[in-house]
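To start, the structure itself, in C-alpha cells.
Computed from a prediction, not measured in an experiment: that's the story for all the values here. Residue numbers start from 1 in every chain, and the chains themselves are labelled A, B, ... in the order their sequence lines are given, proteins ahead of strands.
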Amino acid sequence: MSSKEQSAMASAGSSSSSTEISDSMLRRMAGQSVNKAGLKKDQSEINKIIAEASKGSKFYENEREKDEKLGIQIMKLLDKRDRLLKEGVDLRRLERECDTFIQRIESQRDLSQTIVHVDMDAFYANVELLADPTLEGIAFGVGTGVLTTASYEARAYGVRSGMPVFVAKKLCPHLRMVPATFNSYGEYSGKVMEVFRRFDPNMAKVGMDEAFLNLTTYIQEEREKDGTGQESENAMHKRRERIVRTIRETCKKVTGLTVSAGIAPNKMLAKICSDINKPNNQYILPFTRQAVLDFTRTLPIRKIPGIGRVSERCLEALGVITCGDIITKRAELHLLNYGVIELLKAGLGATSNVVEAGRREDRKSVGCERTFREKSKREELIAIVEDVAEELTETLQKLEYTGKTLSLKYKTHDFKLHTKSHTLQHGEYKTRDSIQTWALKALEESLPLKLRLLGLRVNQLRDLRKKGGLEQYFTNPSHSRKLHEDDEEAEGADFNNAIILDSDEDLEDSEAAETEQVERAINGSPFNDAITNAASSTAVPFASKQETETTHHPMISCPICSRTFPSSTTNQDLNAHIDVCLSKDTIQQLSSRRSSPILGSSESVSSTGEKSVGSKSANKRSRRDIPTNKEDEEDYDFLRPPTSRNHSTTSSSASVSPTVTSSGGSSNKKSKNVLMGTKEAPRNPFAFMKR
DNA sequence: ATACATACC
DNA sequence: TACTGGTATGTAT
C-alpha cells in the first residue's frame, strides 16, 4: 500500500481523538477562499484557531460527517484503481488515448485573442470605505452573521469572506463590522461595468464585481487609428499592458475603486492571473505556448475554476496536485473516468476564450430562500413559506418568467439539506397561489421538522418576453439580441394586477419547448469521434480544424513540432510520429520532475484573494427591496465556468483569426456546445467512485 | 422526474 | 450563541 493510500485511510477513518482535528478538517473549516488568499500569519495556525472556534457546533459536526464520507469515497476510489490495475488494464493504451486528446487540444490552441479578467478589489469593503472614511486603514468586515467581504487589513489576520463573525473575531478581536448596503454595490457595479463596456461592448459580467473582456477588436481598432501595421510580439505585449492599465485607471477615476486584472489568451488563464498581483495591479502572461505551459505546469489544480475542495482532495489522493500532474497521471485519470479531457485542457492551459454577454435566454431557474433561527412550530414555518412564495412570485413577475417545476428546499437544525420538487404536466407556476399551494403541501407532509432555512426555486422556465410559436425561429435568431435593448420599462410594470387576474390557474400555453430540439440538431461532437477513433485504434486526423476547413493544404503539419508531412502519409505513420513527438516535447515539459509539494504553500501563483459572497442579507428582508435598478436586471448575466466551454471559434469580436467552425459531424444528444465542444466526461468526482 | 452533491461569486 | 443567498451543472435512481 502506498503512503498516499495510507494517508487517505487515515483521514477517512476515525481520526478523532478528542483533541486532534484531522488535516482535512482543518482545511475544510478554513473555508473556500483560503486557497486564493495570501496570508501574513502562518496558515496552519490560523486554520487551527478557526476549527477550534467552531468545534462542537452543529455546523462543525455536519462538516465532520461530510469529511468522513469523503474519506471513505476516496478509499473506494483508490481500491477501484488498484483492482483495475491488478486485473491488467492496459494503461499504455489509455495513455495513448490521452495523447490523442492532447494532440487534438494542442491543434486547437488559440493564442490570437486578448482576454482580460477584471476583478474589483475587496469590492463591498471598498465601497463601504468610500461612504465612511473612518474605516480607512482599519481591519473591518462587511455583513452580519457571515462576512461577505473583509478589508485587506482584516485579511492579514486570516479573516476571510464566508467566515462567521464570531470566528473572525477570534482571529482579529478588534475587527469592526459594518452591515452590507446592497443598493450601493449595485450602483457602483453599474458604473464599472459601463467602463468595461467601453473597451468591449460584449463584455461578460460575472457577478457584481468582475468581468471578462475580449480586447482583440479594441486593440485592432486602436492600431488602425495609429496607423500601426504588423507589430512585434513585444510591442503587442506593451500595448496590452497599457490598455489594461487605462481600463483600471478609468475605473478608479470614475468610481474611486481599485481593480486588478489578468491578461492572457483565454478565460481560465486570465482569471487566474487577475489574482496574482492583487490588489490594485495586473499580471500579463506572455502569449506563447511555451509561456502558458511553463505557467500551468506548476499551477495547483485548485486554481482551476470548477475544481473545489472535494475535487481537490480526490485528485490529491491520486497524486495530482498541479496541472503538470494531470499530464503525468493522465492514464489513471482516464481509467477512473474522471473527465480527463476537461482536465487536460485545463492542464495545458488551452481553455475557452469565448467572451460573450450573458443572455436572458440562458437563465435556468429563479429562486428565493432564507435562513432564520431554528424554528419548528408549524404556523411559523408556514408563514415563512408563504412569505418566500410571495417574494418568489414577485421576482418571477418582475423578470417575466413562468416555470414548470417548483422545488422546496429546507435545511434542518443540523445543517442537512433536503429538496422536494414537483413538475406540472400541463400548466406553469406563475401565480402566488399556485406556488404556495404546492409548497405548503410539500412542507406539511414533511413535518414535524426543526428548520433553519426554507427556500423555493422555479425551474424549466418559460420566457414571457420571448415570442412563442414558430416565428421565433425565423426572426431574431437568439444570439444577436442583447439584454438592455428590451427591458426599458421592466420596473414600471404593475404586477398586482396580474396576481389578481391569473388567480389560481395553472393552465398556460406551453409551446416554446421545441427550441432545445433545434439546438440539439445542430450540435456536433468532434471529440466523440476522437474517442471512437482512439478506441478502435484508428488514427486521428492530423490536421487542425483551420487546415481542414478553411484551406486545403497539400501538406499536413504536426501541431506539436510543426513538422510537415505529405498528405499521402498514412495515419499509422502519423500516429507514430505523434507518440514520439508528444513524449519528447509536451509530456516531458509538462510533467513536473517531481511535483514539488512546496508549491502549495510557497504560493508561486497566488497572493491575495477576496471575493464577495452573497447578495441579499438573511432573515429580515422586505419584499420591497427587490432590485430595481438597471444593472440588477442583468442578474442573469452569470458566468459559465470557463472550462466548460470550448475555446477557439468565433469570439464575437474575433476578426484577427479566421473563424473556425465545428468539424466533427457526429451526433451526440448530450452535447450542448455548438462551437466545438461536447461536455466531455464529467468532472464530478463521484462519477468514478460508484461501486 | 426527483433528490442530492459540488462549485462559483 | 454564532456558519449567507442565488445560480449552474452533474450523478444516481
From CG of A/Asn459 across to P of B/dA3 the rounded distance in Å is 12 Å

_Atom P, compared across C/dC3 and B/dC8: separation rounded to whole Å_ = 23 Å

- Item | Cation-aromatic face contact A/Lys191/A/Tyr188, 6.0 Å, 45 degrees | yes

Q: Could you tell me whether the phosphate oxygens of C/dT7, OP1 or OP2, come under 4.0 Å of any side-chain nitrogen or oxygen in A/Arg457?
A: yes

| A/Phe140 ring center within less than 6.0 Å of A/His174 ring center | no

- [ ] Would you indicate, yes or no, if B/dA1 has its OP1 or OP2 atom less than 4.0 angstrom from a side-chain nitrogen or oxygen of A/Thr423?
- [x] yes

Does A/Arg452 have a side-chain nitrogen or oxygen under 4.0 Å from the phosphate oxygens OP1 or OP2 of C/dA2?
no

Looking only at B/dA7, B/dC8, C/dG5, the nucleotide nearest the A/Arg302 side chain is B/dC8

From CD of A/Glu68 across to P of B/dA5 the rounded distance in Å is 15 Å

Separation of C/dA2 atom C1' from A/Met163 atom CE, nearest Å, is 14 Å

With a non-hydrogen cut-off below 4.0 angstrom, is A/Val366 in contact with a base, only sugar-phosphate, or nothing? sugar-phosphate

To the nearest angstrom, the CD-C1' distance between A/Glu61 and C/dA2 comes to 16 Å

Atom CZ of A/Arg363 and atom P of C/dG6 are separated, to the nearest Å, by 11 Å

Expected list for residues 405-421 of chain A near DNA chain B, using heavy atoms below 4.0 Å, is A/His418, A/Thr419, A/Lys420, A/Ser421

Residues A/Gly347 and A/Cys323: closest non-hydrogen pair is CA-CB, 3.9 Å

Checklist entry - Can A/Arg64 be said to sit on top of A/Phe59's aromatic six-ring, NZ or CZ under 6.0 Å from centre and within 45° of the ring axis? => result no

message: Atom NZ of residue position A/Lys441 - does it have more than 12 heavy atoms of other residues, nucleotides or ligands inside 6.0 Å?
response: no

In whole angstroms, the gap separating P of C/dT4 from CZ of A/Arg160 amounts to 19 Å

Exercise for review: Taking only the side-chain nitrogens and oxygens of A/Gln460, find out if one of them lies under 4.0 Å from OP1 or OP2 of B/dA1.
Suggested key: yes

Closest to the side chain of A/Lys364, out of B/dA7, C/dA8, B/dC9, is C/dA8

Taken to the nearest whole Å, CD1/A/Ile307 to P/C/dA8 is 21 Å

CD of A/Glu210 to CE of A/Met193, rounded to nearest 0.5 Å, is 8.0 Å

Contacts of A/Lys170 meeting salt bridge (Lys or Arg N to Asp or Glu O under 4.0 Å) (sequence neighbours excluded), chain-then-number -> none

Residue set satisfying side-chain hydrogen bond (donor to acceptor under 3.5 Å, both in side chains) with A/Asn459, at least two apart, ordered chain then number -> none

A/Ile50 atom CD1 is separated from C/dC3 atom C1', nearest whole Å, by 12 Å

Winner on side-chain proximity to A/Glu391, out of B/dC9, C/dG6, B/dA7, is C/dG6

Of B/dA1, C/dC3, C/dG6, the nucleotide closest to the side chain of A/Met29 is C/dC3

